[in-house]
**Q** 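Have a look at this one.
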Amino acid sequence: MINKNSPIPIYYQLEEKIKNQIDQGDLKPGDMLPSEREYATTYGISRMTVRQAITKLVNDGYVYRKKGTGTFVSEKKIEQPLQGLTSFTEDMKARGMTPGNRLVHFKVVPATSSVANYLKIHENDPVYEIQRVRLADNVPMALETSYLPEKLVPGVTKEIMQSSLYEYIEAALGKKIKEATQIIESSTANQNEVELLQVRKSSPILLIERHTYLEDGTPIEFVKSAYRADRYRFMINMKR
Ligand code: GLP
């Protein structure tokens with residue numbers, strides 16, 4: 001029920017209620033939400049408040065609006081643990097999903113000063129610049145742009161980038177990937193991401209930057225990824 005005497009804002013109570021129904025499976029992906037008017041009548045609250053709650057859920061990727069039809073529940077988000085340095089291929093396989101890639105571009109370019117700085121190489125040293133749409137069961141999940149020093153990761157081909165980069169580095173090149181730092185920030189899809197990730201204009205996006213290192217501390221990759229925030233949430237277990 002909605003408690004109007006609570007210090008918790010009413011829109012937030014409704015938002016949590018709907019989110020709960022989605023989590024519990026009472027509202028399933030593809031289900032249409034009751035109309036604003038129905039929610040307003042059921043809970044004795046204003047339509048403005050209902051709209052505020054639903055807009056928040058739209059912005060967070062839990063539901064989406066279809067013009068002239070209604071509001072629908074999005075696909076369930078993938079819960080990605082932040083512990084453990086894994087590859088996209090490993091993550092998808094662990095979930096029983098089939099990983100796929102769509103190569104957008106594959107080039108060897110001179111490193112810009114910022115890429116050189118991240119990879120601890122000289123400016124203009126050759127680096128692979130590879131952009132891939134990462135797919136799970138054929139659905140676009142993320143757009144990743146990777147920079148790798150050509151000298152350190154020789155022999156990368158378009159075919160290799162159609163499958164797992166980490167597998168190539170470890171199994172074929174025999175190099176051990178040791179650790180990475182990752183920064184996550186929120187954003188909204190730009191035109192390129194809208195097209196390649198097949199999302200609506202201004203959809204929520206999680207920008208992830210990963211710096212990966214080999215055992216001896218040599219940087220091996222610098223990756224910028226745009227993950228669909230309607231399909232992903234990140235989880236970490238914390239101890240104290
Ligand atoms: C994830 C990371 C990337 C990494 C990739 C390797 O998607 N965000 O930084 O490059 O995994 O994945 P794969 O080995 O499947 O190519």
Side-chain angles (χ1 to χ4, degrees), residues 77-109 111 114-115 117-121 127-187 189 192-193 196-197 199 204-215 217-236:
K77 296 189 186 192
I78 286 178
E79 199 158 280
Q80 175 68 39
L82 286 171
Q83 289 108 327
L85 174 50
T86 52
S87 72
F88 182 84
T89 304
E90 289 163 346
D91 291 341
M92 291 308 122
K93 284 187 176 162
R95 288 197 177 82
M97 298 171 108
T98 308
N101 295 293
R102 202 164 79 61
L103 201 57
V104 181
H105 82 234
F106 180 98
K107 291 193 254 193
V108 176
V109 296
S114 74
V115 168
N117 194 28
Y118 290 134
L119 293 175
K120 298 211 177 70
I121 54 174
V127 289
Y128 295 101
E129 183 186 79
I130 301 159
Q131 193 170 56
R132 297 182 286 175
V133 179
R134 318 291 324 246
L135 312 158
D137 290 343
N138 276 324
V139 178
M141 291 287 160
L143 177 65
E144 291 198 315
T145 312
S146 316
Y147 295 90
L148 312 154
E150 195 191 24
K151 230 160 97 191
L152 207 60
V153 199
V156 180
T157 60
K158 289 185 177 173
E159 289 65 42
I160 289 165
M161 294 311 286
Q162 297 288 0
S163 69
S164 170
L165 170 67
Y166 282 12
E167 198 183 305
Y168 177 70
I169 293 174
E170 297 192 314
L173 297 181
K175 295 190 153 98
K176 182 97 188 70
I177 295 170
K178 187 183 175 224
E179 58 185 331
T181 46
Q182 201 159 272
I183 296 167
I184 307 177
E185 57 187 314
S186 70
S187 180
N192 195 33
E193 289 154 0
L196 294 170
L197 295 175
V199 291
I205 288 289
L206 292 157
L207 292 180
I208 302 184
E209 198 176 289
R210 184 184 281 189
H211 301 240
T212 315
Y213 304 89
L214 296 176
E215 261 177 328
T218 314
I220 187 130
E221 66 162 3
F222 164 57
V223 187
K224 286 189 199 174
S225 313
Y227 277 74
R228 287 177 55 173
D230 62 331
R231 298 306 317 272
Y232 265 90
R233 58 184 188 174
F234 292 89
M235 192 260 288
I236 188 157

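Indexing begins at 1, ligand by ligand and atom by atom, following the structure's order.
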**Q** Quick one: does any side-chain atom of Glu90 pair with a main-chain N or O of Ser87 as donor and acceptor, under 3.5 Å?
**A** yes
**Q** Looking only at protein heavy atoms, which one is nearest to atom 3 (C) of ligand 1, and how far off is it?
**A** Glu144 OE2, 3.4 Å
**Q** So, taking the atom named CZ in Phe88 and the one named OG in Ser163, what distance separates them when rounded to the nearest 0.5 Å?
**A** 13.0 Å
**Q** Please report which non-hydrogen protein atom sits nearest to atom 14 (O) of ligand 1, along with the residue it belongs to and the distance in Å to one decimal place.
**A** Ser164 OG, 2.6 Å
**Q** Can you tell me which residue and heavy atom of the protein come closest to atom 15 (O) of ligand 1, and the distance to 0.1 Å?
**A** Thr89 OG1, 2.4 Å
**Q** In this structure, does ligand 1 have an atom that sits under 4.0 Å from one of the heavy atoms of Tyr227?
**A** yes
**Q** Which residue supplies the protein heavy atom nearest to atom 4 (C) of ligand 1, what is that atom called, and how far is it?
**A** Tyr166 OH, 3.6 Å
**Q** Run the numbers for me: atoms of ligand 1, each under 4.0 Å from some heavy atom of Leu165, listed by number.
**A** 13 (P), 14 (O), 16 (O)
**Q** Which bit of Arg134 gets closer than 4.0 Å to ligand 1, counting heavy atoms only: side chain, backbone, both or neither?
**A** side chain
**Q** Could I get the full list of side-chain hydrogen bond (donor to acceptor under 3.5 Å, both in side chains) partners for Glu209, not counting sequence neighbours?
**A** His211
**Q** Decide side-chain contact (heavy atoms from CB on, under 4.5 Å) for Leu82 and Met235; before the verdict, give the C-alpha distance in whole Å, the side-chain angles of both, and the deciding distance to 0.1 Å.
**A** CA-CA 6 Å; Leu82 286 171; Met235 192 260 288; over 6 Å; no
**Q** Only pairs at least two apart or in different chains count here, so list each side chain to side chain donor-acceptor pair (under 3.5 Å) that has a residue in residues 171-183.
**A** Gln182-Arg210
**Q** Using a 4.0 Å cutoff against the non-hydrogen atoms of Ser163, which atoms of ligand 1 qualify?
**A** 16 (O)
**Q** Please work out, at 4.0 Å between heavy atoms, whether the side chain, the backbone, both, or neither of Arg132 comes within that distance of ligand 1.
**A** side chain
**Q** Rounded to the nearest 0.5 Å, how far does CG of Leu165 lie from CD of Glu170?
**A** 9.5 Å
**Q** Show the nearest heavy-atom pair for residues Leu103 and Arg132, with the distance to one decimal.
**A** CD1-CG, 3.7 Å
**Q** Give, for atom CG of Leu148 and atom OH of Tyr128, the distance between the pair rounded to the nearest 0.5 Å.
**A** 8.0 Å
**Q** Using heavy atoms and a threshold below 4.0 Å, how should the contact between Ala142 and ligand 1 be classified: side chain, backbone, both, or neither?
**A** neither
**Q** At under 4.0 Å between heavy atoms, which part of Val223 makes contact with ligand 1: side chain, backbone, both or neither?
**A** side chain
**Q** Does the side chain of Glu221 come under 3.5 Å of the side chain of Tyr166 through a donor N or O and an acceptor N or O?
**A** yes
**Q** Mind checking whether Glu221 has an N or O less than 3.5 Å away from an N or O of ligand 1?
**A** yes
**Q** Does some non-hydrogen atom of Ala180 fall short of 4.0 Å from ligand 1?
**A** no
**Q** Decide whether Glu144 and Tyr227 meet the rule of one side-chain donor and one side-chain acceptor closer than 3.5 Å.
**A** yes
**Q** What protein heavy atom sits nearest atom 11 (O) of ligand 1, and how far off is it?
**A** Phe88 N, 3.0 Å
**Q** At under 4.0 Å between heavy atoms, is it the side chain or the backbone of Glu90 that contacts ligand 1, or both, or neither?
**A** neither
